[in-house]
Amino acid sequence: MKIGVVTFPGSLDDADARRAAAVAGAEAVALWHGDADLHGVDAVVLPGGFSYGDYLRAGAISRFAPVMETIIAKAGQGMPVLGICNGFQVLCESHLLPGALIKNDRRKFICKDQPLRIENNRTAWTSDYDANHEITIVLKNQDGSFVADEATLDRLEGEGRVVARYLDENPNGSYRDIAGITNERGNVVGLMPHPEHCVETLTGPSTDGLGFFTSVLKAVVAS
Amino acid sequence: MARVVVDVMLKPEILDPQGKAVHGAFGRLGFDGVADVRQGKRFEITLDGDATEERVAEIRKAADTLLANPVIEDYTLHVEGDQ
């Protein structure tokens, strides 16, 4: 089982994502933005960071990287893809997920331990969580406010596609406290907080993030 | 060489924290009577030759796919000198 992690110019959390994949028991494979070949990976993580300096819009330029053409095609065929933070922005810009992420409403970079509720545990990346499982993982972002029009938000809620919601205070102005969403098929997930930083007690507030990576191992084995 | 200008603005219903920050600075600097500030992006695109209908249509396509995100932004496009 191989999990590929893409490195764009300006990615920051690619090494942690590879480490999280390895801790979960997968073989982590480094993928390069300029290489359209996915090197036989079974799933892909688009990591956090500031790809292309967030120039134009966060994720807007990365979305046209050669590796993304292959990822978009494979995601359409059911390959699991997880976009974390900047990766979530790339997924929205790629139209693999609806909506967009804009600057935090309070104009500050946020870095904190954030409680969340996992509201959809039927995706490729969340099956190891209980229904409505409450977890605490790191949130660190500048453009973290999830926005979409009312019809899109209603559809996401109606179809159970809100994967994670912020608990306690809404940290960034995201509509309806949405921290993560999935596509109709449940193989593509975008999440603003960072599960990859929360897989070992030495360096994270919890190991609550590990479930994303163990979930996808099962999803791939099952398929 | 012709120049095409694309102005991109966040849709009115989307919160603009950058505009709000600028608005706050207006007040601190004593520029009064300002009700709101919205911040956008301006792209000045210089073409190799004339701004033919086909070339401008290409730039419009670029604006749709890259320069603006229709989920959160609107844009206007004009050929410089035309207005």
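Note that this is a predicted model, so its numbers are computed, not measured.
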[atom1]/[X]: more than 12 non-hydrogen atoms of other groups inside 6.0 Å:
X       : atom1 : answer
K41(B)  : NZ    : yes
K112(A) : NZ    : yes
D36(B)  : CG    : yes
E13(B)  : CD    : yes
K140(A) : NZ    : yes

- How close do P17(B) and N104(A) get, heavy atom to heavy atom, and via which atoms? CG-O, 3.4 Å
- If you look at every heavy atom in I102(A) and L15(B), which pair is closest and at what distance? CD1-O, 3.5 Å
- Task: First locate atom CD of E73(B), then atom CZ of R57(A), and finally report the distance between them rounded to the nearest 0.5 Å.
- Result: 5.0 Å
- Task: Ignoring hydrogens and angles, tell me if any N or O in the side chain of K103(A) forms a donor-acceptor pair with the backbone of D16(B) under 3.5 Å.
- Result: no
- Query: Under the 3.5 angstrom rule, does the side chain of R63(A) hit a backbone N or O of L66(B) as a donor-acceptor pair?
  - Reply: no
Go through the atoms of [X] and report whether side chain, backbone, both or neither lie under 4.5 Å from a heavy atom of chain B.
X       : answer
L56(A)  : both
Y55(A)  : neither
D149(A) : neither

- Task: Under 4.5 Å heavy-atom distance to chain A, tell me which part of K11(B) shows up: side chain, backbone, both or neither.
- Result: neither
